[in-house]
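The structure presented is a predicted model; accordingly, all values stated were derived computationally and were not measured. Count residues from 1 along the sequence. First listed ligand is number 1; within each ligand, the first listed atom is number 1. The analysis underlying the following values was restricted to heavy atoms, covering all of them including side chains, and did not include hydrogens, waters or symmetry mates.
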Amino acid sequence: MATGWLSHELYFWHDTRSAGGFLPADGRTIEPEAHSESPATKRRFRNLVDVSGLLAKLVPLEPRAATEEEILRCHTRDYLERIKALSAENGGDAGELTPFGPGGYEIALLAAGGVITAIDAVLDATVDNVYALTRPPGHHAEPDIGRGFCIFANAAIGAKHAREARGLERVAVVDWDVHHGNGTQKIFWEDPSVLTISSHQDNNYPPDSGHVHEVGGGTGEGFNLNIPLPSGSGVGAYVAAYERVVAPALRAFDPDLIIVASGLDASNMDPLARMMMHSDGYRQLTQLMLDVADDVCEGRLVVEHEGGYSSPYVPFCGLAVVEALAGTKSDIDDPYLDFFKGAGGQDLQPHQAAAIEAAEANLSRLAAV
Ligand code: ZN
């Protein structure tokens with residue numbers, strides 16, 4: 001099995017400015033320190049894959065910048081021009097909680113283009129599957145506004161490329177970032193050719209977004225699934241959600257390509273969420289996606305990076321995902337795993353099962369169309 005690895009040094013140079021967590025430092029109430037969405041988690045993830053010896057066994061993929069035409073498949077011309085102009089000056093904010101420095105436009109183009117490069121590599125059978133460690137993330141970005149650290153909708157831009165440039169009939173985007181994939185949902189709301197599924201902590205970010213009743217509209221009704229999980233959900237809830245909702249939805253939809261928006265912020269150590277996933281949980285979800293991809297789309301699976309804010313722990317979750325993709329296990333074991341495995345409530349709890357059941361009910365819409 002050949003697994004691709006795509007990243008670029010410039011991804012780590014995207015500048016989110018000083019902050020207190022996810023809010024900008026304001027010189028009065030919030031003392032400045034590194035923004036939550038800093039390069040550290042991603043750089044440490046890349047470095048652990050390197051130190052594990054796995055990086056040398058992966059197929060290196062060099063990202064290209066997305067073209068304006070490719071960005072405009074998901075975003076308005078006004079928005080693109082606004083980002084470009086701010087970037088050419090001193091940077092700014094793409095809309096809501098999305099700071100960037102000078103040159104941020106070009107780095108965002110390289111992130112979106114990286115997902116396109118990864119998709120092309122899988123469709124051209126250069127690799128079987130790929131992990132694209134891109135930055136900035138993309139799943140909160142909406143057509144005319146950047147939100148939640150996301151400038152361009154990388155996964156959605158990739159899905160559009162697969163459909164419009166590569167001629168695929170159906171594409172699925174599965175989002176396991178702990179926050180709702182609102183941007184992806186919005187872009188494909190009325191589009192039955194792209195199935196969008198988001199599992200996330202119920203009502204975390206964006207507020208009032210990602211409810212179970214948001215199922216798409218018009219001809220896209222039934223092709224958008226949300227699985228809002230209660231705060232505190234662990235591996236039991238995640239595996240159940242993926243076995244009972246995500247996998248059956250994918251099998252019913254029968255896509256030609258599966259894109260995973262891989263946020264690693266559902267972990268037990270993440271500062272921006274309250275879930276209890278651990279590296280072995282991510283390994284299980286990845287294996288499940290591989291199994292489904294094998295059955296429905298000849299194994300064509302592109303995993304692209306989204307959030308994940310625990311500097312010590314993101315690397316171990318990420319390594320587990322990449323190991324699963326490559327069908328191997330490195331010599332490095334997760335040193336935190338025993339602490340998290342034994343946490344109370346890791347098994348599926350009744351109120352979590354109820355939330356999953358509510359999402360499962362929407363599968364009948366998918367089966368009916
Ligand atoms: Zn997130």
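Classification of D333 and K329 as a salt-bridged pair holds, one side-chain N sitting under 4.0 Å from a carboxylate O. The pair D50-R46 counts as a salt bridge, with a side-chain nitrogen and a carboxylate oxygen less than 4.0 angstrom apart.
Considering the Zn ion (ligand 1) as centre, the angle to ND1 of H179 and to OD1 of D177 is 100° (10° rounding).
Relative orientation of the Y79 and H75 rings is tilted, given thresholds of 30° and 60° on the angle between their planes. A tilted orientation is assigned to the rings of H305 and F45, their planes being inclined by 30° to 60°.
With 2.8 Å as the limit, H140 does not count as an N, O or S neighbour of the Zn ion (ligand 1). Among the atoms of E306, no N, O or S atom is found under 2.8 Å from the Zn ion (ligand 1).
Distances from the Zn ion (ligand 1) to the N/O/S atoms of D265 are shortest for OD2.
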